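Read through the structure below, which is laid out as structure tokens, and then see the notes.
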Amino acid sequence: MKEARFSTKSIWAGEKEQLAFGATQVPVVHSVSFGYDDMDEWYEVAVGNKAGHIYGRNTNPTVQAFEEKIRILEGAEAATSFSTGMAAISNTLSTLLFPGDRIVSIKDTYGGTNKIFTEFLPKQQVEVVLCETGDHEALETEVAKGCKVLYLESPTNPTVKITDIKRMAAAGKAVGATVVVDNTFATPVNQNPLDLGADLVIHSATKFLGGHADALGGAVCGRKQLVEDIYHYREINGATLDPMAAYLLLRGMKTLKLRVEQQNKNALEIAEYLKSFDMVESVFYPGLEEHPHHDIAKQQMKGFGGMLSFAVKGGVATVRDLLPKLQYANRAANLGSVETVVGPSRTTSHVECTPEERAAMGIPEGLVRYSAGIEDIEDLKTDLFQAFQSLKAYANK
């Protein structure tokens with residue numbers, strides 16, 4: 001029988017082994033501990049010689065089903081999970097890096113990630129080099145000097161810049177670096193970094209994987225030995241994914257391809273539409289032909305994603321007036337949901353950063369992050385039109 005295609009995998013993968021009592025859905029196993037009458041069997045499970053569970057901080061059947069599903073969707077040797085996306089990022093970096101090590105990355109990473117690079121890793125005597133996103137020559141130069149980890153995020157949050165993953169993975173491999181890619185914005189529907197040469201893929205499962213803004217979670221997929229090392233760090237430090245959250249993420253992932261493909265279409269049309277408004281200074285979306293990294297995105301992505309951003313004239317004042325006028329958008333610090341979600345970077349992706357730090361990363365204070373939902377595109381366009389029109393009418397009073 002041929003290997004199943006993506007949508008079929010997203011529904012069936014990783015679940016059969018965890019079903020019980022004739023159920024067709026993976027149960028939520030809330031038990032903290034798992035008992036054994038046979039002391040020798042207990043020991044074999046405890047030391048990893050036999051499959052099973054002993055304690056919820058380590059493993060759980062519901063959580064294991066989530067890990068197996070994302071492993072299969074990313075085509076990875078192994079996967080492990082976390083309580084949040086930032087737990088996945090911080091645990092991975094803490095596992096891989098030690099005092100005296102060097103990490104190379106880009107300036108445009110998510111705000112929390114950027115804080116790890118600029119605030120926490122330097123305190124641990126880890127050298128951090130951040131290059132301009134898209135300047136592949138500068139990245140290659142710094143990587144060639146030697147580094148333990150090459151960390152990429154593509155597309156970036158919130159300006160959706162693109163890095164040539166295949167090219168940079170080759171540069172990292174040349175010096176023996178572990179190449180890590182945050183694939184949250186793209187999802188495995190649109191992009192598979194492991195196929196492009198990355199060693200590890202990170203997801204904030206809270207976003208597109210879950211897709212319903214009701215569960216926190218994170219995941220790391222990739223080479224078996226690396227994932228096992230990261231799992232060991234997580235099981236001791238305790239950033240464990242809750243089984244109820246794992247269940248909600250599993251349920252959301254069943255419709256991942258359907259949702260993301262609709263979000264791809266909506267985001268592209270919204271990006272094109274926003275260019276028609278006089279009050280919009282610039283639109284950032286890799287699906288636009290004028291995007292500086294459009295050609296790279298076409299090469300490594302199957303779709304351009306559901307995320308875009310745009311900058312408005314008048315900066316924060318315009319954002320403050322515009323966003324409350326939108327009827328079909330949640331004003332919230334989230335993305336990847338079935339509902340459209342909007343917000344300025346100063347209160348979402350880079351709330352931890354100062355205005356000066358955001359400016360240094362090329363994020364204007366008047367930037368709006370727009371996560372396209374799966375609503376009817378004409379309703380989203382009409383909503384934007386009325387919001388800008390009412391803003392213009394207010395300004396003319």
Side-chain angles (χ1 to χ4, degrees), residues 89 93 97 101-119 121-122 126-186 190-191 193 196-202 281-301 304-305 307-311 345 349-350 353-364 367 369:
I89 293 168
L93 294 176
L97 294 167
D101 286 339
R102 187 171 189 263
I103 180 172
V104 175
S105 187
I106 54 177
K107 291 182 178 180
D108 289 87
T109 53
Y110 169 65
T113 309
N114 183 264
K115 277 296 177 185
I116 292 177
F117 291 154
T118 60
E119 184 175 337
L121 288 181
V126 173
E127 181 185 356
V128 180
V129 179
L130 303 180
C131 300
E132 292 292 339
T133 308
D135 189 343
H136 295 87
E137 291 78 12
L139 276 164
E140 286 171 329
T141 297
E142 291 298 336
V143 170
K145 295 177 183 177
C147 62
K148 183 75 173 296
V149 173
L150 171 60
Y151 187 98
L152 306 173
E153 180 182 306
S154 186
T156 61
N157 184 356
T159 51
V160 289
K161 294 178 182 177
I162 303 294
T163 297
D164 188 329
I165 297 172
K166 187 174 184 179
R167 176 177 174 179
M168 297 318 306
K173 295 290 180 62
V175 297
T178 300
V179 181
V180 183
V181 178
D182 185 332
N183 202 36
T184 298
F185 269 25
N190 290 325
Q191 180 173 269
L196 297 169
D199 297 298
L200 294 169
V201 174
I202 291 179
E281 287 186 330
S282 52
V283 181
F284 305 92
Y285 185 66
L288 298 176
E289 291 187 2
E290 60 268 30
H291 188 285
H293 311 135
H294 176 69
D295 289 341
I296 298 173
K298 281 176 61 179
Q299 292 172 8
Q300 68 187 27
M301 300 181 75
F304 298 110
M307 290 300 308
L308 62 114
S309 57
F310 60 96
S345 294
S349 64
H350 288 71
C353 302
T354 66
E356 293 74 22
E357 288 172 330
R358 287 192 290 270
M361 288 182 273
I363 302 173
L367 187 78
R369 191 177 71 175

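Remember, predicted model here, so these are calculated numbers, not experimental data. Both backbone and side-chain heavy atoms feed into the values below; hydrogens, waters and symmetry mates do not. Residue numbers count from 1 along this sequence.
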Rounded to the nearest 0.5 angstrom, the CG-CD distance for L97 and E127 is 11.5 Å

Check whether any side-chain heavy atom of L130 lies under 4.5 Å from a side-chain heavy atom of N114, and answer yes or no.
yes

Which is it for V104 and L139 under the side chain to side chain contact (heavy atoms under 4.5 Å, CB included) test, yes or no, and what are the steps along the way?
CA-CA 8 Å; V104 175; L139 276 164; 3.9 Å; yes

Least distance between heavy atoms, D199 atom then A177 atom
OD2-O, 3.7 Å

Let's go through T113 and Y151 carefully: what are the C-alpha distance in whole Å and the side-chain angles of both, what is the deciding distance for side chain to side chain contact (heavy atoms under 4.5 Å, CB included) to 0.1 Å, and is it a yes or a no?
CA-CA 10 Å; T113 309; Y151 187 98; 3.8 Å; yes

With a sphere of 6.0 Å drawn around NZ of K166, does it hold more than 12 non-hydrogen atoms of other residues, nucleotides or ligands?
no

Any T109 side-chain heavy atom under 4.5 Å of D182 side chain
no

Nearest non-hydrogen partners of L367 and A311, listed with the distance
CD1-N, 4.1 Å

Non-hydrogen atoms of P158 and R369 that approach each other most closely
CB-CD, 3.9 Å

Shortest non-hydrogen separation from I162 to H291 and the atoms involved:
CG1-CE1, 4.2 Å

How many angstroms lie between atom CG of D164 and atom OG of S154, to the nearest 0.5 angstrom?
8.5 Å

Is the shortest heavy-atom distance from the side chain of I103 to the side chain of L93 under 4.5 Å?
yes

Under the side chain to side chain contact (heavy atoms under 4.5 Å, CB included) test, which residues partner A171, sequence neighbours left out?
E140, V143, M168

Verdict with reasoning, E137 to R167, per salt bridge (charged side-chain N to carboxylate O under 4.0 Å, His left out)
CA-CA 10 Å; E137 291 78 12; R167 176 177 174 179; 3.4 Å; yes

D108 and T133: CA distance, side-chain angles, deciding distance, side chain to side chain donor-acceptor pair (under 3.5 Å) verdict
CA-CA 6 Å; D108 289 87; T133 308; 2.5 Å; yes

Got T118 and K115 here, is their nearest side-chain heavy-atom distance under 4.5 Å?
yes

Distance check, rounded to the nearest 0.5 Å: Q300 atom CD versus L196 atom CG?
6.0 Å

In short, H294 meets F304 closest at the heavy-atom pair CE1-CZ, 3.8 Å

Between A297 and P286, what is the shortest heavy-atom contact and its length?
CB-CB, 4.0 Å

Do K145 and R102 come within less than 4.5 Å of each other through their side chains, counting heavy atoms only?
yes

